[in-house]
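Remember, predicted model here, so these are calculated numbers, not experimental data.
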Amino acid sequence: MQSQLLLQLIINGLIIGTLYGVVGMCFVLIYKASQVVNFAQGEFLLIGAWTCWWLLTAWNIPFFWGFLIAVCFMMVFGIVVQMVVLRPLIGEPIISVIMVTIGMSIFFQALMKWMFGTFAQPFPPIFSVDKVNIMGLQVQTAYLMSTGVSLAIMAGFAWFFKYSRLGLAMRATAFSQQVAQSLGISVRQVFALSWGISAAVSAVAGVVVGIVNGVSSALSYFGIKVFPAVILGGLDSVFGAVVGGLIMGLLENLAQFFDSQYLKWGNLYEIVPFYALIIILMIKPYGLFGTRDIERV
Amino acid sequence: QSINIGHLADYSGGTSDVGQPYGQAIQDTIAWINANGGVNGKKIDSDFNEYGYQVPRALAAFKKWVGTNKVVAIQGWGTADTEALVGMVTKEEIPYYSGSYSASLTDPKGKVNEKSERAAPFNFFYGPSYSDAARAMVKWAADDWKAKGKPGKPKWVHMGANHPFPNSPKAAAEAYAKELGFEVLDPITFALTPGDYTPQCLTLKQSGANYAYLGNTAGSNISVLKACKTAGVDVQFFGNVWGMDENAAKAAGEAANGVVFPVRTGVTWAGSAPGMATMKEISKISDPSGTAYRPVHYLAAVCTALYMKEAMEWADKNGGVTGVKIRDGMYQKSDWVPKGTEGVCNPSTWTATDHRPTTRVDLYRSVVNGATDASVADLVKSGVIKLEKVATIDLPRKTELQGW
Amino acid sequence: MALPAASAGADPGTAALLSIEAISLRFGGLKALSDVSFHVRNGELFSIIGPNGAGKTSMLNCISGRYTPSEGRVVFDGQDVTRLKPNRRAAIGIGRTFQNLALFSHMSVLDNIMVGRHHLLKNNFLTGALYWIGGAQKEELEHRRKVEEVIDFLDIQHVRKAAAGTLSYGLRKRVELARAVALEPKLILLDEPMAGMNLEEKEDMARYIVDLNEEWGMTIIMIEHDMGVVMDISHRVMVLDFGRKLVEGEPAEVLADPHVRKAYLGEDDLDEAAPAAMTA
Amino acid sequence: MAIDTLRPCGDYRTSYKADQTIFATRLTMLFCVAGVVLACFAPFFFSRYILSLMIQIGYLGIAALGLNILVGFSGQISVGHAVFFGFGGFASAFLADKGVPVPLAIVLAGLWTTAVGLLFGLPAARVKGLYLAIATLAAQFILQDFFVRAEWFTGGTHGAMAAPFTLFGYDLSGDDRYFYVVLFFVVVMYLGAANLMRSRDGRALIAVRDHYLSAEMMGVNLTKYRTMAFGISSFYAGIGGALYAHYVGFMSVEGLDILFSIQFLGMIIIGGLGSIMGSLMGTIFMVLLPEATGWLASALSGSVIDQVLHLKDGLTYMREMLIGLTIILFLIFEPDGLAHRWRLIKAYWKLYPFSY
Amino acid sequence: MRQGRSGPLHRDAGKTYEANAMAEAALKFEPSAETASPLLAVDNIEVVYNDVILVLRGLSLKVPKGQIVALLGSNGAGKSTTLKAISGLLRTEDGEITRGDVTFLGERINGIEPDKIVRRGIFQVMEGRRIIADMTCLENLRLGAFTRRDNEVKSDIERVYEYFPRLKERTGLAGYLSGGEQQMLAIGRAVMARPKLILMDEPSMGLSPLLVKEVFAIIKKLNEDLGVTILLVEQNARVALSVADYGYIMEQGKIVLDGTADMLRSNEDVKEFYLGQGGGEERKSFKNLKSFKRRKRWL
Ligand SMILES: Nc1ncnc2c1ncn2[C@@H]1O[C@H](COP(=O)(O)OP(=O)(O)OP(=O)(O)O)[C@@H](O)[C@H]1O
Ligand SMILES: Nc1ncnc2c1ncn2[C@@H]1O[C@H](COP(=O)(O)OP(=O)(O)OP(=O)(O)O)[C@@H](O)[C@H]1O
Ligand SMILES: [Mg+2]
Ligand SMILES: [Mg+2]
């Protein structure tokens, strides 16, 4: 019985972990290009989810198309946000830019509530079977879909940063905007691209979480939840974000296991990731896969 | 001449899903009162303050009200602001009507029993306290267990975040459950925000609990209900007053089917009662077309505001509308039903020693059969979502149970 | 800082202030230093030259504690300091400047230099916050006076309140020197103090360095690519190449060494190898 | 030439002492002293609402200054400042409950919070930058969890009562009186910080921020100062929190969440990182922003615009959006914070009419 | 500001030597005929940092196509600022051209984004190398060719390796290269970009004598082989003038002297203050400098 529970929790951890991983990648993408931690990531998820929801319920568009349009819309949205809000801040202190993302999160949070109300809204039924049995664990079809999509996205990112010209440009921009510009890299384009992709990928995650839990403003908390995962993996590592996400997913579930079976502490699952975070950072100050700063004098 | 009151509402913060209809109802009711003769001819001037569920902002609003507006009463909201302001409203002698129904607000003298922590002589709310509602659900569970004739001890589990609001009735419910022969399991924690709560559900399933009380607000409860449905958990869920309503039932879909929770009014929006006419009129203030469906919180808020209005009327006739007089006005009647709300607002009694408005709890069950992808109004009309009354539990009004 | 007695200066003493004993330094597969040994006498002005990437900066880093050599010992003033933390080494009298400027760019020049006196000051966050009460003010002012001496010496009075980051390159180099001098070190390590300067400024800088050595009595190790400066002011020169010590000796004899010419100066340069070589 | 070097004509310093003042010019000093003196009369002129805002600015400003010492001066971002603020509040309430006189309890609470801050600052010895920032996020969640668990200390989820502020038997708890208590702490804490920053340890903090490698080789012990910054910062947070607790009379975990921590960050970024007065300016900004948007919203409600557009509820959302928007716009146009603009204005006037 | 002993940077206005001013006038050269249609023309620009700090005060210079032009001047004169004003990088440092024009190939380019300027063919090798520390040498070189779309990148990489064989051996991250190696990489990046005009900010800084020679030989070669025009900022006036065709000398944000390299080399003041040949041909020893030197000022 206990081992069955443990197994199910591990499977669940892996599935949720990939979802964390995807959202984590959105952070990494923006961080890699601009060293900015986007505190409005959660709102991006939310906007993506609401868009898709709106297309599906108000226009009765089939899910596939609604999903696709939502993702494309978010791509454009990310680019526009970048143009309007972040472009004027190119070259300004990073911390100010981070604060601006916080301002954006306040702004969009309110806007979404105004536009879509404060109640949680369910997605219309999308999959004919809404759960699948994996080794005794009932898993929502949406989670499975997200796992599939996530893996594909992850592979794409890995390739992008290693080999593409733009990936290189992005890394250069992250290193120093001035240097990147001096090399003829358009910092604006790099930013637009990273924000666009990041927002689009967020939409994927947002829709998945929305299908499972219904869409509501509170969904944006997902943004903060992935912080530890991203840090764990290393802020500038796409692969790290994925591993970090998986570890966080597993940790939460295992913590819940030990807590409920042995410790009876209560909310171990909520705080264990943070203890783990501190311990791991003490051993590896740049996360598991983050590149350490080059410190030469 | 007008009467100044303050109104704290959360439309944009963490509790906005229920805060919005509740706040809307307060605004509508006050506008309606003003349009219908006011308080003995005096208009109520309410200063609306949307505080986004942030204590500092509530604090600033409060100071503004006592300093500048000279308010005589406040329509407040959540646990955080209510608790933070208890001391101040007491000092300033301003009745504070909260959306927080924490039992700790029901002891005006303080220390009626050793479990009651502090005096809250100016705090009022309408409806059963969180603790009494939870006790009623325990009672119902015990009856249910007996009725089903199942063997052995039933198992009770408290679920929710380790936070003031979800925890408020925990001790009361668990003590009562033990008293009624339940086995009380270790509480299961889940955060106040939506997320993946499959682990919690798997634990719940494994623990073999029969009755689970969800202490959180709707957003995260929905996640739990859905996750538990997927995981195939067979448990009777209970919801807190703020944890389940028509909108939550819609969002959770069939996962919300069967959840039992307390409702503060005699009927829901779909029901009929003499008082509903007034309710519909009030609703028209913000919805002239009269088509909107109002969730249970709307009705409860209307009642809350009307109790305040009638207390003001008494105060006006007995020496002037001051905070102290309004408080005294609250003590004037027993089994009090505001005029025009018969059958909707449940008879309530406040006394100088006991601020529990009622110890009678109406329990409803949410019934969801079918897909919920339409508006709540349509879903209720078509019967996909129903709130059925399952029981009315009368708890003894004991002093030992007051204040915790 | 009281000007030290003249007797301390002028001719190099004989006792070794710093002994480098068979140091090797590895970075992964790369051997940045292999088995280098040398001694620097008290009061000496010792130069290290060598091609780019030879390991000169790495050598300074080993002395100042930024790197710990994989083998060998660093003995300073009779004490084995191989594993001492950099801040402790500063306290026992090793000051340095950096090849790539490393000033505290948002602090004023004055404060930059005051940081140099960190280990000489005693006030802490408590007395510092109380300032007027715990004697911090008195101490700060005393040291301010000493810092002003350094400022005067290096001729940077006009920028003492400017944020270091806004200064031009040459001035920043000078402020760095000031900061190192304020430390009152016995040994001062200079990493390319004259890079990026024009002739006039090099002349100034050379004068400061010579004064530090001769009048303030500081022992100096200097890395420099300007052969003119190196030949003119150093007492002894060591050449590093690919992490190995090539030669060590009097400037003239080092310059004449054919290996040095080949690896460092360029062979065709025989005609210009006269003292005026490669000077800007 | 750096702006800081600009000084009005005729302002010659004749001693190092005169040159090492906290205030850049005599005028600045006059302004500050006058400000404090004027503030002393505030309770006679202002409504309790204004006073309460000023008190809020006071205790939040102290905590914000603490965060600025950590983030602005020592360069370590913390996204868990609210829990240290909360810890101070709980500690002071706890101590006062145990019979410690409130003024003493506040100070002790500050010290106690310092100890906790030092503990959570330990990772700073190894972890840097955003990684450290997220490690402080861990402090946020771990301490929040601690608060609800440690019933003996915080009253658990019920929260704790905090005794009113009394000094030698005088009750100083009303807004008009408590105002002086807060003012006193603000002046002392701000002077303390200003002094710190012009003495040895403060300089070392900044040095570590600007270039830790060279700081280390100048004799600065990195680990010590990195951790110490957390301690000092927590001390300020603790004092601020304690003042809050005795002002409200009650302390609860609710509200000590990450949003509150982020608000603290907002204060110092908007005020200006690494600026002492900037911390206060930023706090003023962040406290007044919701109030100002509130005024705007209530002025709008019922107005023609409202009636035409049927804003109603929209107005409350627009208000939130306005808060977000103001932060965004402010930072777009003033990314270096209020203190920076202030400096530029000063520089401009000194150079007037030669604008360059 | 406090009055004190004046340093080399901030001199009191009163100390201008009239005699010098007159000598100056005599020193001005007639602009050469070639400058009629220059590749780059900077016309009377004024640059301000942070809205308040005026650094360039009406600076003009011309860079004819195919030439190497040297820009000399003491520290803080504004050389780097001039280059950044041309390449547009100024704005990333809160600087701004408040007056005057920069024209490249007959078009006004001030106000244009730096990356667009690179696309037009101006590439700056920044002061302090500024290589991307967390990338490998090869990646740095590839980035140098970012704006190029042709497929000769590979062969150009080989060319860079030919110039600087040492770079080929360094496979690790560029941040771990020694100072000189980084400088080579920075120049290599410029080669990769195949620009029309390279702005070089102190390329010899931190290089060993041997390498200085090599680098300048390469600069010359670039100029001759590929026909790249180069604007060279250098402290090492001797070497700079040995490769340059034309030179400018600036002080405090203004050009104070210009002329062909030969003319400058034979100018007495330049000889004394930039080439270190005071009086006679023999170089003074650094050892025996007097504490109080005469300082030549053109302003
Ligand atoms: N932290 C490090 N990690 C890896 N390699 C390093 C590190 N520091 C130095 N190196 C390598 O060690 C070698 C010597 O470097 P160093 O900086 O000491 O040279 P240098 O003699 O100072 O040269 P330059 O005159 O160019 O400054 C170089 O090849 C460099 O790449
Ligand atoms: N970002 C900046 N903000 C403010 N002032 C600056 C800035 N950059 C440069 N300055 C100032 O502009 C002046 C010219 O600087 P610049 O870097 O152009 O000089 P330079 O001629 O290149 O000197 P060096 O030979 O030392 O490199 C200096 O006085 C410097 O203080
Ligand atoms: Mg070096
Ligand atoms: Mg320069």
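One finds no salt bridge joining R89(C) and E216(D) here, because no Lys/Arg side-chain nitrogen approaches an Asp/Glu carboxylate oxygen to under 4.0 Å.
Only the side chain of I232(D) has a heavy atom closer than 4.5 Å to any heavy atom of chain C. Residue contact with chain C, scored on non-hydrogen atoms closer than 4.5 Å, involves the side chain of M228(D) exclusively. The part of L101(C) that comes within reach of chain D is its backbone (N, CA, C, O), which places non-hydrogen atoms under 4.5 angstrom from that chain. For A193(D), no part sits under 4.5 Å from any heavy atom of chain C, backbone or side chain. Contacts between Y225(D) and chain C at a heavy-atom distance below 4.5 Å involve the side chain alone, from C-beta outward.
For the pair E140(C) and N195(D), the minimum side-chain heavy-atom distance is 4.5 Å or more.
Taking all atoms of both residues into account, the shortest heavy-atom contact from N87(C) to V220(D) is CB-O, 3.4 Å. Scanning both residues, M218(D) and H118(C), for their nearest heavy atoms gives O-CB, 4.1 Å. For M217(D) against P86(C), the heavy-atom pair with the smallest separation is CG-CB, 4.0 Å. Here the closest heavy-atom approach between residue S214(D) and residue F104(C) is recorded as OG-CE2, 3.3 Å.
Put simply, of H106(C), R88(C), K85(C), the one with the most heavy-atom pairs under 4.5 Å next to chain D is H106(C). Of the listed residues (G65(C), S105(C), G116(C), G165(C)), the greatest number of heavy-atom pairs within a distance under 4.5 Å of chain D belongs to S105(C).
Within 6.0 Å of NZ on K224(D) lie more than 12 heavy atoms contributed by other residues, nucleotides or ligands. When the shell of 6.0 Å around CZ of F184(D) is examined, it contains 12 or fewer heavy atoms from other residues, nucleotides or ligands.
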Checklist entry - Run the side-chain contact (heavy atoms from CB on, under 4.5 Å) check on E139(C) and R200(D) step by step: do they pass? => result CA-CA 10 Å; E139(C) 189 186 20; R200(D) 174 177 179 261; over 6 Å; no
Item to check | Audit row: D210(D), M107(C), side-chain contact (heavy atoms from CB on, under 4.5 Å) steps and yes/no | outcome: CA-CA 8 Å; D210(D) 272 8; M107(C) 286 166 107; 4.2 Å; yes
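For the atom pair CG of L213(D) and CG of N100(C), the computed distance is 11.5 Å after rounding to the nearest 0.5 Å. Distance check: I113(C) CD1 to R203(D) CZ gives 11.0 Å after rounding to the nearest 0.5 Å. Between N112(C) atom CG and H211(D) atom NE2 the span is 11.0 Å, to the nearest 0.5 Å.
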